[in-house]
Amino acid sequence: MLSVFLLVLPIFGLIAVGFLARFVGLLNDRTGEGLSDFVYALAIPCLIFRTLAKATLPEVQPWGYWLAYFGGVAVVWVLATVIARRLFGVTETEGAVAGFSAAQSNTVLVGIPLILEAYGDEGAVPLFLLIAIHLPIMMTVATILVEGRGTSPLTIARRLITHPIVIAVILGSLARLLPGGLPDVAWALINPIAEAAVPCALIAMGVALRRYGFGEGLGLASTITVLKLLVHPFIVYVLALHVFQIPPTWAGVAVLFAASPSGINAYLLAERYRCGIAIASGSIAMSTGFALASTILWLTVLGAG
């Protein structure tokens, strides 16, 4: 329990730094928005580019593994969107943010250290295989859903082609084809920006949490937390072990990946489009707060570690 608590502690710490900095006036709302813009337009694309450019993908794709995890993603995304729209009366764009919050996992700060602690080197291959496509797929789909509200297909296509996330996915895929890879001088520029993505995003979210709080979205944040921490991993557990019957270690990695709290990218998406910010920030904070208990539950169910 202590090791799991120590895993989620840095998340709270960085969010608290942003919250307190805004509370005492060291940062203002405009600074937080600017920091979010930097992360979304530059840092996250660099992180996606680096992940794709350096990823080692198998020659034969583990379709059962993909279907088990992303099947769970699809179900909770739809459930969260429908619940947000029909029970909480949010707008279409806010519904997309709610769905993304329920489906997007915090892989960097929680997923990676937790899974490697539970499964060691045996879990590294399925873990990084999933990470290689998780962020690009999730961010691209979320962008399409937000950009596609009442917009013509041609306009959507034009926006996607010029979108920093999509550009990062394309360039990262192309970089894999280079014979000797990128030169060291290129990585010397890319790596520092990529490494700034997570801490800057969490601090920016702390600023936003001080500004927006949970507002009237406490009920929706609670619903998203239940979907993220319990429903999502449960669906992946059933699909992985009882439908596709993938190896236990691979199944466990997929379940723990799904059981990670809501990822910071949901907040970045909301901040980018200035919509659903309270939903995203509240869901991330609440799901992270309850992640300790739910993680212990799923580690027990899986018999991992």
To the nearest 0.5 Å, what is the distance between CZ on F70 and CG on L239?
13.0 Å

Which heavy-atom pair separates A240 from A251 by the least distance, and what is that distance?
CB-CB, 3.8 Å

Is there a side-chain contact between W77 and Q104, using heavy atoms and a 4.5 Å cut-off?
no

Taking CZ in F38 as the centre, count heavy atoms belonging to other residues, nucleotides or ligands within less than 6.0 Å. Is the count above 12?
yes

Is there a path of hydrophobic side-chain contacts, each under 4.5 Å between heavy atoms of I/L/V/M/F/W/Y residues, joining L171 to L182?
yes

Assess the residue pair V97 and S101 against the criterion (side chain to side chain contact (heavy atoms under 4.5 Å, CB included)); give the C-alpha distance rounded to whole Å, side-chain angles, the decisive distance to 0.1 Å, and a yes or no.
CA-CA 6 Å; V97 172; S101 299; 4.1 Å; yes

Does any part of the side chain of L87, heavy atoms only, come nearer than 4.5 Å to the side chain of L220, both counted from C-beta?
no

Does the pair V255 and Y69 meet the rule for a side chain to side chain contact (heavy atoms under 4.5 Å, CB included), with working shown?
CA-CA 8 Å; V255 171; Y69 180 78; over 6 Å; no

Are V24 and L202 linked, directly or through intermediate hydrophobic residues, by side-chain heavy-atom contacts shorter than 4.5 Å (ILVMFWY only)?
no

I want to check something: taking the side chain as every heavy atom from C-beta on, are V76 and F234 in contact at a cut-off of under 4.5 Å?
no

If you round to the nearest 0.5 Å, how far is CG of L299 from CG of L302?
7.0 Å

Considering non-hydrogen atoms only, spot the tightest contact between T225 and S287 and give its length.
OG1-N, 3.5 Å

Decide yes or no for T223 and F88: does some side-chain heavy atom of the first lie under 4.5 Å from some side-chain heavy atom of the second?
yes

Test item: side-chain donor near acceptor, S105 and K228, under 3.5 Å
yes

How far does OG of S260 sit from NE2 of H232, to the nearest 0.5 angstrom?
9.5 Å

Return the minimal non-hydrogen interatomic distance between A96 and V146, and the atom names on each side.
CB-CG2, 4.2 Å

If I take atom CG from residue N265 and atom CG from residue L47, how far apart are they, to the nearest 0.5 angstrom?
8.0 Å

How close do P233 and W298 get, heavy atom to heavy atom, and via which atoms?
CG-NE1, 3.3 Å

How long is the gap from CG on D37 to CG on L42, to the nearest 0.5 Å?
11.5 Å

Answer yes or no: is there a side-chain heavy-atom contact under 4.5 Å between P62 and I246?
no

If you group Ile, Leu, Val, Met, Phe, Trp and Tyr by side-chain heavy-atom gaps below 4.5 Å, do V82 and L145 land in one group?
no

Are the side chains of L218 and M286 in touch, meaning some heavy atoms are under 4.5 Å apart?
yes

Find out whether V207 and L35 are in side-chain contact, i.e. whether some heavy atom of one side chain is under 4.5 Å from a heavy atom of the other.
no

Heavy-atom closest pair, residues I279 and E94
CD1-CB, 4.0 Å

Show your working on side chain to side chain contact (heavy atoms under 4.5 Å, CB included) between L230 and L297 and close with a plain yes or no.
CA-CA 9 Å; L230 298 178; L297 169 66; 3.9 Å; yes

Using residues 12-19 as the side-chain source, report each donor-acceptor pair under 3.5 Å to any protein atom, sequence neighbours left out, with the distance given to one decimal.
none

Restricting to non-hydrogen atoms, name the atom on Y267 and the atom on A204 that form the minimum distance, rounded to 0.1 Å.
OH-O, 3.1 Å

Straight-line distance of I277 CD1 to E271 CD, nearest 0.5 Å:
4.0 Å

Please list, chain by chain and in numerical order, all residues satisfying salt bridge (charged side-chain N to carboxylate O under 4.0 Å, His left out) with R50, sequence neighbours excluded.
E195

Taking a hydrophobic cluster as the set of Ile, Leu, Val, Met, Phe, Trp and Tyr residues connected by side-chain heavy atoms closer than 4.5 Å, whether directly or through intermediates, do V236 and I137 fall within one such cluster?
yes

Parallel, tilted or perpendicular: which one describes the rings of F257 and H134, with boundaries at 30° and 60°?
perpendicular

Is there a side-chain contact between T31 and L26 in this structure, where contact means two heavy atoms from C-beta onward sitting under 4.5 Å apart?
no

Same cluster or not: Y119 versus V301, using hydrophobic residues (I, L, V, M, F, W, Y) connected whenever any side-chain heavy atoms lie under 4.5 Å apart?
yes

Is the ring pair Y273/Y40 parallel, tilted or perpendicular, if the boundaries are 30 and 60 degrees?
perpendicular

